[in-house]
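Here's the structure, in structure tokens; my notes come after.
Hydrogens, waters and symmetry mates play no part in the numbers below; they use all other heavy atoms, side chains included. Reminder, nothing fancy here: chain letters follow the sequence lines and each chain counts from 1.
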Amino acid sequence: MAKRSERQFWLFKSEPDSFSIDDLARTPGRTTFWSGVRNYQARNFLRDTIQVGDGVLFYHSSTDPLAIVGTANVVKKGYPDHTAFDPKDSHYDPASDPAEPTWYMVDIRLEKIFPKPLTRDRLQATAALKGMMLLKRGSRLSIQPVTASEWAAIHKLAVVKES
DNA sequence: GCCAACGTTGGC
DNA sequence: GCCAACGTTGGC
């Protein structure tokens, strides 16, 4: 794994019915482990690429309105997702061996909740975000890389007053 | 190793 | 609620 010093950016999807940004705000230390990811591509990001200090866009999926609702920072890098070992957990995976875990997670701490959710409609109407993975048809990946320019464009949108 | 069938995701 | 896109599974 190549070492890097540059901060990288990510988008984490969550269905607010199961875990919303307000739930994160209520969590002690405004910090949570991001468990339950059961997709290999997302797992690889969590295990191998995401570093402490990286920025996270918090996205609400399968809801109305669909929106980026705030930001968080990575405070702990990839470590085994223990929910895979718990038969009572809905994300239990008997194939994941604690001695050689299949699934990983990171910890994130809430940075800020946007004063107004940045809706998907608005993202789609923004030229600078044309190529964003989130906006591609059939983009199901729940942990997505975000480019530095997309990150900057989104922050600009989040503070610009809506007309 | 191919690929049809199936289950899930998630926008619409 | 619908269904396209995608990932996984399993028969061959």
Side-chain angles (χ1 to χ4, degrees), chain A residues 1 8-27 32-50 54-72 74 78-108 110-111 113-147 149-151 153-158 160 162-163:
Chain A
M1 186 59 44
Q8 288 185 190
F9 307 104
W10 308 91
L11 179 141
F12 287 17
K13 289 185 196 171
S14 187
E15 299 190 15
D17 284 350
S18 59
F19 191 78
S20 71
I21 199 162
D22 292 323
D23 292 328
L24 177 55
R26 282 190 291 267
T27 304
T32 190
F33 51 83
W34 201 261
S35 64
V37 173
R38 299 291 180 265
N39 167 281
Y40 286 102
Q41 201 181 343
R43 186 282 308 272
N44 292 345
F45 287 139
L46 291 168
R47 186 189 60 186
D48 306 330
T49 318
I50 298 176
D54 281 0
V56 172
L57 299 170
F58 199 112
Y59 179 76
H60 281 173
S61 67
S62 297
T63 188
D64 188 20
L66 297 166
I68 297 172
V69 290
T71 59
V74 175
Y79 63 106
D81 180 345
H82 59 77
T83 67
F85 310 138
D86 179 3
K88 292 187 292 290
D89 194 280
S90 61
H91 295 288
Y92 175 55
D93 178 8
S96 184
D97 173 6
E100 204 167 334
T102 309
W103 305 114
Y104 280 72
M105 59 189 184
V106 299
D107 288 358
I108 64 169
L110 179 63
E111 187 189 18
I113 298 178
F114 291 156
K116 255 188 131 173
L118 213 50
T119 64
R120 186 179 180 90
D121 286 350
R122 202 140 172 256
L123 300 174
Q124 281 166 336
T126 302
L129 300 177
K130 200 105 186 163
M132 200 177 173
M133 186 182 292
L134 178 71
L135 304 180
K136 298 233 169 80
R137 236 157 86 70
S139 169
R140 308 190 335 183
L141 197 58
S142 65
I143 304 285
Q144 302 183 354
V146 170
T147 68
S149 72
E150 287 162 356
W151 177 264
I154 282 158
H155 276 69
K156 207 161 140 196
L157 278 181
V160 169
E162 300 192 41
S163 51

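Nearest nucleotide to the side chain of A:Arg140, out of B:dG11, C:dT8, C:dC6: C:dC6.
If you measure from atom CD1 of A:Ile143 to atom C1' of B:dT9, you get 14 Å, rounded to the nearest angstrom. Counting to the nearest Å, the P atom of C:dC6 and the NZ atom of A:Lys136 are 11 Å from each other. In this entry the distance linking CE of A:Met133 with P of B:dG10 reads 13 Å, nearest Å. Spacing between atom CZ of A:Arg38 and atom C1' of C:dT9 amounts to 18 Å, rounded to whole angstrom units. Per the geometry, OH belonging to A:Tyr40 stands 7 Å off P belonging to C:dT9, to the nearest Å. Rounded to whole Å, the distance from CD on A:Glu15 to P on B:dT9 is 8 Å.
Close to B:dT9, at under 4.0 Å from its OP1 or OP2, lies no side-chain N or O of A:Tyr59. At B:dC12, one or more side-chain N or O atoms of A:Gln124 fall inside 4.0 Å of OP1 or OP2 (strictly under the cut-off).
When side chains are defined from C-beta on, A:Trp10 does not count as touching A:Val146, because their heavy atoms never get closer than 4.5 Å.
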Query raised in the report: Passes side chain to side chain donor-acceptor pair (under 3.5 Å), A:Thr49 versus A:Gln8? Steps please.
Result: CA-CA 9 Å; A:Thr49 318; A:Gln8 288 185 190; over 6 Å; no
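A pairwise comparison of heavy atoms in A:Asp23 and A:Arg26 identifies OD1-NH2, 2.7 Å as the closest pair.
Under 3.5 Å, the side chains of A:Thr83 and A:Arg38 contain a donor-acceptor pair of N or O atoms.
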